[in-house]
Amino acid sequence: MRKIYYYVHTGHRFGLNRFRKAVAILEAVPELEITLLTSDYRIASASRDFGVKRAVGIDVLRNIANVTEHGDILIYDSTEHHEQQLHDMIDYFSAFIRVSDNPEEKPVEKEFMINPYLESSEKVCNAIPVSESFIGDFEKSIETTLFFGDDDYDKRLLEANLKSKYDLLLGFYFFMGYEDELNEKFGNIYESEEYDDIVRSSKNLITSSTQTALNSLASGGKPIFVERDDRDSNGVNLLKRYGVPTLENFENVDEVLKSERDYKSFENSNSELRDFLLKIAKGV
């Protein structure tokens, strides 16, 4: 019997943006017994706290073949591969579904794709995955929170040019003791385990995580996205589509916070995503 796997690139230098998106996708198809594969053992062992039932840490991309079998199905969210590896995976699996936020990428032969920039078709789903737990109107008890991301290996937050003391939501991979170093720079500091509640409860959310910006938007918040020079900018145009202000650094955040911001309502497309994945799973 064919099994379904979902590989995401994670780690203390890459964060959990792809993982948080995967949680939303897995939620959309609970009847499919999908095993999540992560490139980091820590998040694999903690995945149940995020509602993921089955997860395995596999270290590196090439170890996917050590866990899966020829003819299985793979959902894949990473940029680690080179062209030959991509074609090898497409040939190895009975269905290969790539998750991408790159507007320049299109599915190659025998490949399926989830990409919000492309038009939906038999091979493409342009849904924007967001967990149902963030979709709705929630009470905003926190004025402004900053969530840089789940990783800050080089301690960039210490050097950030912040003109006000915002509340801070810590990242999953933040170093032990890093909170003490950040204490004087921020107001209230929330643990990473409080992520869902803090994102839903924050009126303004300053973040460098595209998925977190979408989660905030879906929950009725007013996200502001600040780019990181150690990340690609593929998600920026998607955020702009919804009216999310995008900045190159933190310097002008206060001005944006004081300005009138016109956001478009988030459209829940999880049902479209669900239909797309179920059709693929049943058709191979």
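Heads up: numbering here begins at 1 and tracks the sequence. This one's a predicted model, so the numbers in the text were calculated from it and none came from an experiment. Both backbone and side-chain heavy atoms feed into the values below; hydrogens, waters and symmetry mates do not.
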* To do: Given salt bridge (Lys or Arg N to Asp or Glu O under 4.0 Å), test Arg228 with Asp154 step by step and report yes or no.
  => CA-CA 12 Å; Arg228 292 177 59 159; Asp154 297 315; over 6 Å; no
* Can you establish whether the number of heavy atoms outside Asp137 located under 6.0 Å from its atom CG is more than 12? => no
* Would you please indicate if the ring centroids of Tyr5 and Phe93 are separated by under 6.0 Å? => no
* Structure fact -> Here the pair of heavy atoms bringing Pro103 nearest to Leu118 is O-CD2, 4.3 Å
* Please work out whether the ring planes of Phe112 and Phe276 are parallel, tilted or perpendicular, with thresholds of 30° and 60°. => perpendicular
* May I ask you to test the Ile128-Leu273 pair for a side-chain heavy-atom distance under 4.5 Å? => no
* **Flag side-chain contact, heavy atom, 4.5 Å: Val99 against Lys21** => yes
* Salt bridge or not for Lys163 and Asp254, using N-O below 4.0 Å? -> no
* Asked: Taking the six-membered ring for Trp, are Tyr153 and Phe175 parallel (under 30°), tilted (30 to 60°) or perpendicular (over 60°)?
  -> tilted
* For Glu69 and Lys3, run salt bridge (Lys or Arg N to Asp or Glu O under 4.0 Å): C-alpha distance rounded to whole Å, both residues' side-chain angles, the deciding distance at 0.1 Å, then the answer. => CA-CA 8 Å; Glu69 294 183 359; Lys3 295 182 179 180; over 6 Å; no
* Asked: Around atom NZ of Lys203, are there more than 12 heavy atoms of other residues, nucleotides or ligands at under 6.0 Å?
  -> no
* Asked: Any luck finding a side-chain donor-acceptor pair between Ser133 and Ser131 under 3.5 Å?
  -> yes
* Asked: Using 30° and 60° as the class limits, which term best fits the ring planes of His9 and Phe14: parallel, tilted or perpendicular?
  -> tilted
* Taking the side chain as C-beta and beyond, is there a heavy-atom pair between Thr210 and Arg231 under 4.5 Å? -> no
* Donor-acceptor side-chain pairing of Asn115 and Glu105 below 3.5 angstrom -> no
* To do: Report, as yes or no, whether the 6.0 Å neighbourhood of atom CD on Glu31 holds more than 12 heavy atoms from other residues, nucleotides or ligands.
  => yes
* **Any side-chain donor near an acceptor of the partner, Tyr195 and Asn215, under 3.5 Å** => yes
* Minimum heavy-atom distance Pro116-Asp101, with the two atoms named -> CD-CA, 4.4 Å
* Asked: Linking I/L/V/M/F/W/Y whenever their side-chain heavy atoms sit closer than 4.5 Å, directly or via other members, would Val29 and Phe134 fall into one cluster?
  -> no
* Asked: Is it true that the side chains of Thr145 and Asp167 contain a donor and an acceptor less than 3.5 Å apart?
  -> no
* Structure fact -> What one should report as the nearest heavy-atom pair of Arg48 and Lys53 is NH2-O, 3.1 Å
* Is a side-chain donor-acceptor pair under 3.5 Å present for Asn63 with Tyr7? -> no
* **Test item: Tyr190 and Asp197 side chains (from C-beta on) under 4.5 Å apart, heavy atoms** => no
* Establish, from distance only, whether the side-chain atoms of Glu132 and Asn268 form a donor-acceptor pair under 3.5 Å. => yes
* Over all atoms of both residues, closest heavy-atom pair of Lys222 and Ser216 -> N-OG, 4.0 Å
* Asked: Are Asn102 and Tyr117 side-chain neighbours, meaning at least one heavy-atom pair lies under 4.5 Å?
  -> no
* Asked: Among Asp152, Asp150, Asp151, Asp40, whose side chain to side chain donor-acceptor pair (under 3.5 Å) with Tyr173 holds?
  -> Asp40
* Asked: Looking only at heavy atoms, which two atoms of Glu267 and Tyr242 are closest? And how far apart?
  -> N-OH, 4.0 Å
* Please report the closest heavy-atom contact between Tyr263 and Pro245, naming both atoms and the distance. => OH-CD, 3.5 Å
* Do the side chains of Leu168 and Leu157 get nearer than 4.5 Å, heavy atoms only? -> yes
* To do: Compare all side-chain heavy atoms of Phe147 with those of Ile198 and state whether any distance is below 4.5 angstrom.
  => no
* Asked: Could you state the interatomic distance from CG (Asn183) to CD1 (Ile189), rounded to the nearest 0.5 Å?
  -> 4.5 Å
* ILVMFWY network linking Leu37 to Ile97, side-chain heavy atoms under 4.5 angstrom -> no
* **Phe19 ring center near Phe50 ring center (under 6.0 Å)** => yes
* Is any side-chain heavy atom of Ile224 closer than 4.5 Å to a side-chain heavy atom of Asn204? -> no
* If two hydrophobic side chains count as joined below 4.5 Å and joins carry through other members, does Leu162 share a cluster with Val256? -> yes
* To do: Check the surroundings of atom CZ in Arg62: do more than 12 heavy atoms from other residues, nucleotides or ligands lie under 6.0 Å from it?
  => no
* With a distance cut-off below 6.0 Å to the six-membered ring centre and an angular limit of 45° from the axis, does Arg42 pair with Phe172 as a cation-pi contact? -> yes
